[in-house]
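Comments concern the structure below.
If you read the sequence from its start, that first residue is 1, and numbering goes on from there. Ligands are counted one by one from 1 in listed order, and the atoms in each one are counted from 1 as well.
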Amino acid sequence: MFAPLSRYPLAAAVLAASIAGALAEDKVVNVYNWSDYVDEEVLAAFTAETGIEVVYDVYDNNEIVETKLLAGGSGYDVVVPSAPNVARLIQAGALQKLDKSKIPNLVHAWEAITARLSGYDPGNEYAVDYMWGTTGFGYNVAKIAERMPDAPVDSWAMIFDPEVVSKFADCGVYLLDTPEELIPAALNYLHLNPDSKETAEIEEAAKLLKTIRPYIEKFDSSEYINALANGDICLAVGYSGDVLQAADRAAEAGAGVEIQYVIPTEGAAMWFDSFIIPSDAPHPDAAHAFIDFMMRPESAAANSNYVYYANGNLESQSLLYEDVIGDPAIYPGQQTIDVLYTTTSHPPRVQRIVTRAWTNVKSGS
Ligand code: SPD
């Protein structure tokens, strides 16, 4: 039989302190997610129910996430990188395996999406899809029509044909500030493999991007939502839900700005952003609780209804607004899905070439 702890005051104090520490540990979860990617009421509901405070930081590209997680000591408990980055982070040992017994709401995961993700995370051991979407472009209907009544608005020619895009330079053209979107889109436009690892092909894509560089006002991955909505720019390569949020904000403002999102007929990127837990996450229990809460159908639906991105939760679909589940820009039909491409992570040698090519495109050198 164990002696009562009251006979060992120091041991009792140490135990009490460590229990208190463990409890305190789980009262916060540090979440690092894409900007404009959550309904804050869902975060508040999580805290109200669990007592766990959510410290929420945002980013707008995968490169910064990967750099932080590879360096270690980020302090984050839950992060939402895209699939190729998840694959690289797993390989580097930067992620911990999920304890699926702590995420019972995983039963709601959408098998079609989980299967896609298993190509990056074999056995789906490290990542759970949060949202998925496409990368196309958004445009201001009136401003584009004014400048080019017969503009090829369904085509990447809007961006990659210098004759076309030059007509819109005066009303503002933005490109996402990331090679992981623009190089594949340019490769695809050139009828090359968007996931090419060939140096010569990547250089070709960079060459095309350089021809349109003079007409690009800014490389940006977050401000374009408001810039489109306010009518400050007329064309932007962007993520599906971001452009749809811009359209919504424009309509709400009632200033006559109409924004249209396009998945071009030549095809576009389809991507998946997943919850992961870094291997050195300070609050792994809170991280699992957070992911589980986000995987409730009600939470997933609330988030998608708010940010206009499709989620990886099958059960949530009956809770989505009709203008979300019924919008082919958010949940594309099979015909569109057939022209969507996915990309994989590059080996380091190819990644260096991509990074250098992108730097040259941006600097115009
Ligand atoms: N504002 C949310 C944007 C989410 C974009 N994630 C997709 C990145 C794929 N490369």
Indicate the atoms forming the closest heavy-atom contact of C234 with F168, along with that distance. SG-O, 3.7 Å
Among Y59, F275, Y37, exactly one meets ring pair (Phe, Tyr, Trp, His ring centres under 6.0 Å) together with Y32. Which residue is that? Y59
Select all protein residues for which some heavy-atom-to-ligand 1 distance is less than 4.0 Å, and list them by chain and number. W34, S35, D36, Y37, N62, S82, E180, E181, Y239, D242, W271, D273, Y309
For the pair D292 and K102, find out whether any cationic side-chain nitrogen is under 4.0 Å from an anionic carboxylate oxygen. no
The salt bridge (charged side-chain N to carboxylate O under 4.0 Å, His left out) partners of D60 (sequence neighbours excluded) come to none
Hey, can you tell me if W132 and F272 have their rings parallel, tilted or perpendicular (30° and 60° cut-offs)? tilted
Measure up the F137 and Y139 rings against each other and bin them: parallel (under 30°), tilted (30 to 60°), perpendicular (over 60°). tilted
